[in-house]
**Student:** 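Pasting a structure here, questions to come.
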Amino acid sequence: MLYILLFFPVTDYFENADSSIQEESRQAETGESVREISTDEVSGEDSGESHEENPGENVPGPMIALTFDDGPDAGSTPVLLDGLKEREVQATFFVIGENIEKEDNREIIKRMHEEGHEIGNHTYHHVDLSKLSYEDAHRELEMTDELIRDITGERTSLVRPPFGAFPSSLAEELDKIYVKWTVDPLDWTTKNVDEIVRKVVTDVQENDIILLHDCYDTSVQAAFQIIDILHAEGYEFVTVDRLLIE
């Protein structure tokens, strides 16, 4: 299932789900058999009881994923982890191999893992995978994989290609899931907390993947405000792997 998702962008996946719902509605009108549509497919409505009639029912909120690229950073990433822990939020970190080997950043990766965050691969040198041969692309990913595995004891299957540039079909690692994003506030260019927050909370929808960078203090502070605002609106923050599976 995860491998299949590699070839279908997240947004297309859910658009296809919407098309299925329309077809099921047509079948209902013509008397054909229709399976029950879950609340995951139709937001807020179900065919039976209202939520008011079941006040004790625990209805999950719409899920979104908060992702951070280009870390770990010895100064800003621990501050981010503190804030995420305080808010009981798990995020996904796409880390650069050479940054892991700086200062005491190995301990940051260890902490990410211990606190339940998902760790993905952002290459070793932050390079454009689409411009590399299979051998060079493989080396970039494998070097970072080995560092993550050495620290956490686990191998990651997630890859965030730098610049959103996916490798050619011949250079793709078949056991990897290449993850892009759906909401990008361009935090690395603006470095303005209010602007980053406004862009995200205005554009975000259910099942979105938000892109931020944990190497900027402004992005870290914006992330806290984004979490607080969207939590108040009923959103649930999950890791990318959970978002794709569910």
Side-chain angles (χ1 to χ4, degrees), residues 64-127 140-141 143-164 179-181 183-197 199-200 204 208-231 237-243:
I64 52 178
L66 195 57
T67 69
F68 296 91
D69 286 7
D70 293 359
D73 179 89
S76 55
T77 304
V79 176
L80 175 60
L81 291 173
D82 289 342
L84 294 176
K85 184 175 182 179
E86 178 184 346
R87 291 165 174 80
E88 299 182 341
V89 165
Q90 272 72 54
T92 303
F93 291 86
F94 291 97
V95 296
I96 296 174
E98 63 180 351
N99 286 346
I100 295 175
E101 297 193 292
K102 293 178 181 178
E103 302 180 53
D104 295 324
N105 288 353
R106 286 175 175 262
E107 289 301 313
I108 296 176
I109 298 296
K110 182 179 179 182
R111 179 182 173 186
M112 287 177 184
H113 178 68
E114 291 174 345
E115 294 183 359
H117 302 290
E118 183 75 9
I119 302 172
N121 192 324
H122 201 42
T123 74
Y124 188 86
H125 294 104
H126 198 270
V127 292
E140 280 287 331
L141 297 177
M143 289 170 68
T144 301
D145 275 353
E146 289 180 358
L147 287 170
I148 295 171
R149 183 169 53 242
D150 181 57
I151 296 168
T152 68
E154 297 181 5
R155 185 174 183 274
T156 181
S157 61
L158 300 181
V159 174
R160 165 72 53 79
F163 318 108
V179 180
K180 207 172 177 183
W181 56 84
V183 177
D184 181 5
L186 299 176
D187 59 320
W188 61 277
T189 60
T190 65
K191 298 182 182 178
N192 181 298
V193 173
D194 292 338
E195 187 173 342
I196 296 167
V197 173
K199 176 67 173 175
V200 172
V204 75
D208 270 335
I209 298 176
I210 302 166
L211 169 63
L212 292 171
H213 297 79
D214 55 312
C215 51
Y216 302 112
D217 291 333
T218 49
S219 298
V220 170
Q221 295 308 314
F224 297 154
Q225 292 189 34
I226 289 166
I227 293 169
D228 294 342
I229 292 170
L230 296 181
H231 260 166
F237 288 88
V238 299
T239 54
V240 164
D241 60 337
R242 182 179 166 194
L243 185 66

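Values below: every heavy atom of this structure, side chains too, minus hydrogens, waters and symmetry copies. Keep in mind that what you see is a predicted model, and the values were worked out from it rather than measured.
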**Student:** Could you name each residue pair satisfying salt bridge (charged side-chain N to carboxylate O under 4.0 Å, His left out) that touches residues 112-124, not counting sequence neighbours?
**Tutor:**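 The answer is Arg111-Glu115.
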
**Student:** Which salt bridge (charged side-chain N to carboxylate O under 4.0 Å, His left out) pairs, counting each pair once, include a residue from residues 214-230, with sequence neighbours left out?
**Tutor:**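 Listed by first then second residue: Arg87-Asp228.
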
**Student:** Between Lys199 and Asp187, is the closest basic N to carboxylate O distance under 4.0 Å?
**Tutor:** no

**Student:** Rounded to the nearest 0.5 Å, how far does CD of Glu146 lie from CZ of Arg155?
**Tutor:**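 The distance works out to 10.0 Å.
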
**Student:** For residues Glu195 and Thr190, report the shortest heavy-atom separation together with the two atoms involved.
**Tutor:**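 Residues Glu195 and Thr190, closest heavy atoms: OE2-CG2, 3.5 Å.
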
**Student:** Minimum heavy-atom separation for Gly120 to Ile148, with atom names?
**Tutor:**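 Answer, listing the atom of Gly120 first, then Ile148: O-CD1, 4.0 Å.
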
**Student:** How close do Leu212 and Leu66 get, counting heavy atoms only, and between which atoms?
**Tutor:**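 So the minimum-distance heavy-atom pair works out to CD1-CD1, 3.8 Å.
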
**Student:** Roughly how far, to the nearest 0.5 Å, is the OG1 atom of Thr218 from the CG atom of Asn192?
**Tutor:** 8.0 Å

**Student:** Would you say the side-chain atoms of Asn99 and Asn105 include a donor-acceptor pair closer than 3.5 Å?
**Tutor:**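 No - no donor-acceptor pair under 3.5 Å links their side chains.
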
**Student:** Could you check if a side-chain atom of Asp69 sits within less than 4.5 angstrom of a side-chain atom of His126, using non-hydrogen atoms only?
**Tutor:**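 No, side chains not in contact.
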
**Student:** For Asp73, what residues pass the side-chain contact (heavy atoms from CB on, under 4.5 Å) criterion, not counting sequence neighbours?
**Tutor:**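 Ser76, Thr77, Cys215.
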
**Student:** Could you check Arg106, Met112, Lys110 and say which one makes a side-chain contact (heavy atoms from CB on, under 4.5 Å) with Ile108?
**Tutor:** Met112

**Student:** For Trp181, does the CH2 atom sit with more than 12 other heavy atoms under 6.0 Å from it, leaving out its own atoms?
**Tutor:**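 Above 12, so yes.
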
**Student:** Just verifying a value: how many Å separate Glu140 CD and Ile96 CD1, rounded to the nearest 0.5 Å?
**Tutor:**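 Answer rounded to 0.5 Å: 10.0 Å.
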
**Student:** Would you say the side-chain atoms of Thr67 pair up with the backbone N or O of Ile210, donor to acceptor, closer than 3.5 Å?
**Tutor:** yes

**Student:** Grab the two heavy atoms, one from Thr239 and one from Ala65, that are nearest each other, plus how far apart they are.
**Tutor:** C-CB, 4.4 Å

**Student:** In Å, rounded to the nearest 0.5 Å, how long is the span from NZ of Lys180 to CZ of Arg160?
**Tutor:**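 The NZ atom of Lys180 sits 10.0 Å away from the CZ atom of Arg160.
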
**Student:** Without swapping roles, check the side chain of Asn121 against the backbone of Leu141 for a donor-acceptor pair under 3.5 Å.
**Tutor:**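 Yes; at least one donor-acceptor contact below 3.5 Å.
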
**Student:** Would you confirm whether Thr144, through its side chain, and Thr123, through its main-chain N or O, come within 3.5 Å as a donor-acceptor pair?
**Tutor:** yes

**Student:** Please report the interatomic distance CG(Asp208) to CG(Leu243), rounded to the nearest 0.5 Å.
**Tutor:**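 One finds 8.5 Å between CG of Asp208 and CG of Leu243.
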
**Student:** Which atom pair, heavy atoms only, marks the closest approach of Pro72 to Ile109?
**Tutor:**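 Taking Pro72 first and Ile109 second, the nearest heavy atoms are CG-CD1, 4.0 Å.
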
**Student:** Please determine, by modelled atom types, if His125 and Glu98 share a side-chain donor-acceptor pair under 3.5 angstrom.
**Tutor:**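 No, no side-chain donor-acceptor pair sits under 3.5 Å.
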
**Student:** Is the Phe93 ring parallel, tilted or perpendicular to the Phe68 ring (thresholds 30°, 60°)?
**Tutor:** parallel

**Student:** Can you find a side-chain donor-acceptor pair between Glu101 and Tyr124 that sits under 3.5 Å?
**Tutor:**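 There is such a pair (donor and acceptor under 3.5 Å, judged by atom type) between the side chains of Glu101 and Tyr124.
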
**Student:** Taking the side chain as every heavy atom from C-beta outward, state whether Val183 and Ile64 have any pair of such atoms under 4.5 Å apart.
**Tutor:**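 They are not in contact (no side-chain heavy atoms under 4.5 Å apart), so the answer is no.
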
**Student:** Any chance you could measure Tyr216, atom OH, to Asp70, atom CG, to the nearest 0.5 Å?
**Tutor:**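 Here the interatomic distance stands at 6.5 Å.
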
